[in-house]
Asks: 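Following this message is one structure expressed as structure tokens.
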Amino acid sequence: PLPRDVDARTRAVQAPSTAMIVASEVDPRADLARERASATFPARELAALLAGGEDKLVLREKVGDAVRAHPVFSKKGKYFMERADLYRTTLEKYLALPALAAELGARGVGDPMAIGRVIREMIDEPGGLDLHLGMFIPTIQGQADEEQKKYWMPRCVKLQIIGTYAQTELGHGTYIRGLETTATYDPPTEQFVIHSPTLTSTKWWPGGMGKTATHAIVMARLITPRGEDKGPHAFVVQIRSNEDHATMPGVTAGDIGPKMGYNAVDNGFLRFDHVRVPRRAMLMKHSSMSKDGTYTPPPVAKAAYGTMVFVRSDIVMNAALYMKKAVVIATRYNLVRRQSNPGSKPNREPRELDGSFGSVPKHVELQVMDYQHSQRSLFPVLARAFAFHCTSDYMRRMYFEYEKKSRASADFSALPELHATSSGLKAYCSWATKDAIELCRLCCGGQGFMALAGFGTTFGNYAPNATYEGDNNVLCLQTARYLLKVCRAAASVAAGRKQSRGEKTKADAAAEQTVAAAANGAARYLLEDPTRSPKPGWRESEIRDPDVQLAAYAHAARRLVTAAASRAGSSSADAAMQSDMVGWIKAAKAHCAYVVLKTFKEAVEEVKEKRWVSRATQAAMERLVALHGLATMDDDMGAFLEDGYVDGSGAERVRAEISALLLELRPDAAALTDAFALDDYFLNSALGASDGDVYARLYAEVQDAPFNKSHAPPGYESLLRRRLLK
């Protein structure tokens with residue numbers, strides 16, 4: 001509006017009213033500053049621990065400073081962009097990333113590769129290069145032989161080619177064996193013919209395929225010259241020209257259109273019409289096709305699962321990151337938002353700081369975080385974010401140990417549990433994070449629905465994790481198959497010991513091998529005698545004991561697995577999963593809940609044992625473990641009540657202890673979010689910025705919105721003006 005003069009009388013009339021309102025106003029920045037001052041532990045210490053050391057934390061801070069200062073990386077106006085602009089600006093950031101990483105590396109900030117990973121995380125927008133970095137390159141590294149890697153990797157790194165990963169089809173997704181795209185070998189030409197024989201064989205959904213990619217790793221069923229179907233294999237196929245980006249002969253490709261989110265990514269479709277590729281287009285680290293058409297299978301049937309397992313472990317890590325993001329935004333907003341109950345005293349006396357903000361007036365509206373319901377909603381999410389951080393570290397260590405052994409000595413014995421664990425945790429963690437993002441939005445009221453809050457794009461970009469790289473329900477069944485295998489093997493070994501049979505059969509040896517592997521893994525509880533685990537009394541002295549909680553989780557998982565195995569009888573694994581799918585999915589979820597609590601508990605115990613942080617920080621972490629264990633139990637109490645392991649009074653004591661933990665964690669709410677060390681650039685949220693200046697930021701952001709460039713709405717002259725003049 002145009003500036004105008006307000007007469008003295010009008011100002012005088014209004015002055016007392018303004019003074020009355022201002023007297024009870026609290027600067028949200030002051031609220032957040034006071035919250036930080038109330039912490040019982042040093043947030044910086046915990047932040048350094050989570051980052052992997054003070055040096056890594058400093059690196060992240062320096063990278064954050066650099067991206068905020070770089071014009072190409074600006075996120076200004078991002079929430080108001082049309083899809084084409086969002087795609088372009090995201091691509092610009094990814095293309096500018098290597099140069100900035102190299103520049104910071106040359107200045108001594110750190111390793112350029114590590115810097116690049118941090119920049120990519122901070123961009124926080126999947127784009128046209130996402131699958132090139134996240135699937136195409138890892139697949140080349142994991143499934144190409146040495147000669148192929150020498151050819152492809154330099155071109156990948158220099159972006160002389162841009163890749164995507166074409167597996168999902170219009171008619172098939174999670175069921176890989178059902179893929180219809182074929183790769184038929186022709187010995188005289190030493191070529192494969194890649195073909196899409198049906199409409200449903202159209203590759204559908206791969207990111208970067210719509211507009212960006214020049215090459216694709218195409219998962220196609222390998223057909224030998226004798227017509228034998230060897231199942232899906234990976235082939236590198238050029239789909240667009242490097243000269244003018246036109247599709248190659250026989251290739252049809254394009255974008256599948258807008259989605260609920262994820263719209264900086266050009267998800268696409270792809271069809272092949274008798275496209276010939278060289279024999280060496282097939283990635284041949286694990287299996288191969290000779291010039292004469294002789295097929296050599298992989299040494300282990302599932303050896304090529306390595307890349308898939310790596311990607312799923314990456315999804316577990318991202319689950320932790322995006323749960324952190326959502327809960328940081330919601331917690332900070334709940335700490336500065338005041339609502340209702342005017343005239344009451346704050347339940348904590350105000351603290352004087354350095355005078356820059358002053359103290360809270362005695363009679364003001366309560367901070368939303370002081371309502372128990374907000375604490376019960378957000379603090380368990382906060383605890384679970386810490387738990388998922390520890391679980392993701394466990395998952396990555398498990399993967400890299402397997403990679404080391406399999407490369408050094410072709411030892412694939414850890415693959416069954418690795419595959420089962422990565423499948424289950426991918427499902428469990430992505431489900432939980434998707435739901436947590438929405439819960440955090442709801443905890444922010446109407447402001448949480450604004451794009452500027454950051455929840456909309458975070459949910460839209462994260463939600464596909466519950467579907468891609470394997471539908472979550474199907475992945476739970478992968479975990480369930482392993483649990484059934486261990487359960488049956490344990491029963492077989494136990495029966496063999498009782499019967500003292502003579503010569504062992506192959507089945508006996510396989511069962512013993514399965515039990516031996518499980519004894520060192522997360523399914524060890526299935527080998528334990530449940531009668532040796534007495535029911536806890538849930539007394540005050542033991543209710544926070546993580547070993548007591550973990551025993552309860554093990555009991556619930558073991559009961560669900562053994563009951564489902566009993567219902568399955570001697571039927572095949574396929575038949576067992578098909579006839580009792582709901583029961584097995586529930587058992588897999590219980591197993592994953594056990595794994596998450598176990599990894600969280602063990603991580604905190606290691607911190608205590610090695611004295612990496614102060615006792616105050618250890619105490620805060622112990623409270624988080626206790627809250628995670630009890631709140632997750634409370635949310636699924638039926639699993640513990642069903643067989644009487646926990647009775648009604650025990651359930652009541654669990655809830656009472658949760659309430660006590662909420663009060664104990666309340667002073668640390670701001671410090672715990674600070675410990676995640678998420679840069680404001682990454683958060684990109686008017687509600688969750690580290691200074692707490694919510695209302696000024698919201699108001700300033702909308703002033704530049706394209707919709708506000710004109711006071712007249714679109715169509716004003718033709719639709720509204722004549723009616724309004726009547």
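The first residue in the sequence is number 1, and the count goes up from there.
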Asks: Would K405 and E401 pass as an ion pair if we require N to O under 4.0 Å?
Replies: no

Asks: Using the side chain to side chain donor-acceptor pair (under 3.5 Å) criterion, which residues pair with D635? Sequence neighbours excluded.
Replies: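 D635: side chain to side chain donor-acceptor pair (under 3.5 Å) contacts with R376.
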
Asks: Using a 4.5 Å cut-off on heavy atoms from C-beta on, say whether the side chain of T294 contacts that of M289.
Replies: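 Not touching, per the 4.5 Å side-chain cut-off.
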
Asks: What residues, two or more places apart in sequence or in another chain, satisfy side chain to side chain donor-acceptor pair (under 3.5 Å) together with K230?
Replies: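 Testing K230 for side chain to side chain donor-acceptor pair (under 3.5 Å), a comparison that skips the adjacent residues, returns none.
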
Asks: Going from OG1 on T632 to CE on M637, what distance comes out if it is rounded to the nearest 0.5 angstrom?
Replies: 11.0 Å

Asks: For the CG atom of L283 and the CE atom of M219, what is their distance to the nearest 0.5 Å?
Replies: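 Reported value, rounded in 0.5 Å steps: 9.0 Å.
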
Asks: Mind checking whether Y399 and Y402 have parallel, tilted or perpendicular rings, split at 30° and 60°?
Replies: tilted

Asks: Does a side chain donor of either S422 or S313 reach within less than 3.5 Å of an acceptor in the other side chain?
Replies: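 No, no side-chain donor-acceptor contact under 3.5 Å.
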
Asks: Any luck finding a side-chain donor-acceptor pair between Q478 and H419 under 3.5 Å?
Replies: yes

Asks: How close do A480 and M577 get, counting heavy atoms only, and between which atoms?
Replies: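 Here A480 and M577 meet closest at CB-SD, 3.8 Å.
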
Asks: Distance check, rounded to the nearest 0.5 Å: T562 atom OG1 versus L484 atom CG?
Replies: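 Reported value, rounded in 0.5 Å steps: 11.5 Å.
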
Asks: Return the set of residues passing salt bridge (Lys or Arg N to Asp or Glu O under 4.0 Å) with R441 (not counting sequence neighbours), or none when no residue passes.
Replies: E438

Asks: Could you check if a side-chain atom of I239 sits within less than 4.5 angstrom of a side-chain atom of L270, using non-hydrogen atoms only?
Replies: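 In short, these two side chains touch, coming nearer than 4.5 Å.
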
Asks: Using the rule given for side-chain contact (heavy atoms from CB on, under 4.5 Å), can you reason through T479 versus Y482, listing the C-alpha separation, both sets of side-chain angles and the distance that settles it, and then say yes or no?
Replies: CA-CA 5 Å; T479 303; Y482 174 73; 5.7 Å; no

Asks: Of all the heavy-atom pairs spanning M323 and A385, show the shortest one and how long it is.
Replies: SD-N, 3.6 Å

Asks: Under the side chain to side chain donor-acceptor pair (under 3.5 Å) rule, collect the residues that match up with D547, sequence neighbours excluded.
Replies: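 With neighbours one apart ignored, the set is K601.
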
Asks: Which heavy atom of I315 sits nearest to which heavy atom of Y468, and what is that distance?
Replies: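 Answer, listing the atom of I315 first, then Y468: CD1-CE1, 3.9 Å.
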
Asks: For E657, is there an ion pair with R544 - N to carboxylate O distance below 4.0 angstrom?
Replies: yes

Asks: Taking NZ, NE, NH1 and NH2 as the nitrogens, is one of them in D186 or R279 under 4.0 Å from a carboxylate oxygen of the other?
Replies: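 Judged by the 4.0 Å cut-off on N to carboxylate O distance, D186 and R279 do not form a salt bridge.
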
Asks: Can you tell me how far the OG1 atom of T164 sits from the CG atom of L131, to the nearest 0.5 Å?
Replies: 4.5 Å

Asks: Using a 3.5 Å distance criterion without hydrogens, assess whether the side chain of T391 forms a donor-acceptor pair with backbone atoms of A387.
Replies: yes

Asks: Do K285 and P298 come close enough that some side-chain heavy atom pair is under 4.5 Å?
Replies: no

Asks: Is there a side-chain contact between K324 and L382 (heavy atoms, below 4.5 Å)?
Replies: no

Asks: Are the side chains of H591 and V561 in touch, meaning some heavy atoms are under 4.5 Å apart?
Replies: no

Asks: Checking E512 side chain against V493 main chain: does a donor-acceptor pair fall under 3.5 Å?
Replies: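 A pair under 3.5 Å: no.
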
Asks: Taking only Lys NZ, Arg NE, NH1 and NH2, and the carboxylate oxygens of Asp or Glu, determine whether E180 and R221 approach each other closer than 4.0 Å.
Replies: no

Asks: Evaluate side-chain hydrogen bond (donor to acceptor under 3.5 Å, both in side chains) for N472 paired with T467, printing each intermediate quantity in order.
Replies: CA-CA 6 Å; N472 280 359; T467 303; over 6 Å; no

Asks: Between I217 and Q143, does the side-chain contact (heavy atoms from CB on, under 4.5 Å) criterion hold? Intermediate values first, please.
Replies: CA-CA 11 Å; I217 288 175; Q143 297 190 38; over 6 Å; no

Asks: Taking only residues two or more places apart in sequence or in another chain, which ones pass side chain to side chain donor-acceptor pair (under 3.5 Å) with Y394?
Replies: none

Asks: Does the side chain of N465 pick up a donor-acceptor pair with the side chain of T433 at under 3.5 Å?
Replies: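 Short answer, no.
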
Asks: Any chance you could lay out the side-chain contact (heavy atoms from CB on, under 4.5 Å) test for T181 and V218, step after step, and finish with the verdict?
Replies: CA-CA 9 Å; T181 302; V218 177; 4.3 Å; yes

Asks: Just do the ring-ring contact (aromatic ring centres under 6.0 Å, His included) check on F640 and Y645 with the steps written out, would you?
Replies: CA-CA 6 Å; F640 303 91; Y645 188 80; 7.3 Å; no

Asks: Rounded to the nearest 0.5 Å, what separates atom CG in L222 from atom OG1 in T224?
Replies: 7.5 Å

Asks: Under the side chain to side chain contact (heavy atoms under 4.5 Å, CB included) test, which residues partner A491, sequence neighbours left out?
Replies: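 So A491 forms no side chain to side chain contact (heavy atoms under 4.5 Å, CB included) with any residue.
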
Asks: Is the backbone N or O of L526 less than 3.5 Å from a side-chain atom of R558, with the two atoms forming a donor-acceptor pair by type?
Replies: no

Asks: I need the minimum non-hydrogen distance between H628 and Y553, along with the two atoms involved.
Replies: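 Residues H628 and Y553, closest heavy atoms: O-OH, 3.8 Å.
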
Asks: Listed by chain and number, what are the salt bridge (Lys or Arg N to Asp or Glu O under 4.0 Å) partners of R653, not counting sequence neighbours?
Replies: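 Applying salt bridge (Lys or Arg N to Asp or Glu O under 4.0 Å) to R653 gives none.
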
Asks: Mind checking whether V515 and V486 have side chains closer than 4.5 Å, heavy atoms only?
Replies: no

Asks: Side-chain contact, heavy-atom cut-off 4.5 Å: I543 with V548?
Replies: no

Asks: Pairs in or reaching into residues 475-487: which pass salt bridge (Lys or Arg N to Asp or Glu O under 4.0 Å), with residues at least two apart or in two chains?
Replies: R481-D574

Asks: Between Y165 and Q167, is any side-chain donor less than 3.5 angstrom from a side-chain acceptor?
Replies: yes

Asks: Quiz question: by atom type and distance under 3.5 Å, do the side chains of H233 and Y295 form a donor-acceptor pair?
Replies: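 A donor-acceptor contact under 3.5 Å links the two side chains.
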
Asks: Give, for atom CG of L630 and atom CZ of R655, the distance between the pair rounded to the nearest 0.5 Å.
Replies: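 One finds 12.0 Å between CG of L630 and CZ of R655.
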
Asks: Quick one: are the ring centres of F272 and H195 less than 6.0 Å apart?
Replies: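 No, too far apart.
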
Asks: Within a strict 4.5 Å, meaning less than it, do heavy atoms of the M398 and E417 side chains meet?
Replies: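 Yes, their side chains come closer than 4.5 Å.
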
Asks: Looking at residues at least two apart in the chain, or sitting in another chain, which of them share a side chain to side chain contact (heavy atoms under 4.5 Å, CB included) with N318?
Replies: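 With neighbours one apart ignored, the set is D314, L321, Y322.
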
Asks: Going by the salt bridge (Lys or Arg N to Asp or Glu O under 4.0 Å) test, which pairs reach into residues 579-597, not counting sequence neighbours?
Replies: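 For residues 579-597: R567-D580.
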
Asks: Who are the salt bridge (Lys or Arg N to Asp or Glu O under 4.0 Å) partners of D636, not counting sequence neighbours?
Replies: none

Asks: Nearest heavy-atom pair of S571 and R488: which atoms, and what distance?
Replies: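 Answer, listing the atom of S571 first, then R488: O-NH2, 2.7 Å.
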
Asks: Just checking E542: does its CD atom have more than 12 heavy atoms from other residues, nucleotides or ligands closer to it than 6.0 angstrom?
Replies: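 Atom CD in E542 is packed in, count exceeds 12.
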
Asks: If you apply the rule side-chain contact (heavy atoms from CB on, under 4.5 Å), what do you find for N461 with M260, and how did you get there?
Replies: CA-CA 9 Å; N461 289 342; M260 288 176 62; over 6 Å; no

Asks: Before we go on, tell me: are the rings of Y525 and Y594 under 6.0 Å apart, centre to centre?
Replies: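 Yes: the rings meet the under 6.0 Å criterion.
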
Asks: Which atom pair, heavy atoms only, marks the closest approach of V646 to L641?
Replies: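 Between these two residues, the closest heavy atoms are O-CD2, 3.0 Å.
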
Asks: Applying salt bridge (Lys or Arg N to Asp or Glu O under 4.0 Å), name anything that partners K203, two or more places apart in sequence or on another chain.
Replies: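 K203 satisfies salt bridge (Lys or Arg N to Asp or Glu O under 4.0 Å) with E169 once adjacent residues are dropped.
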
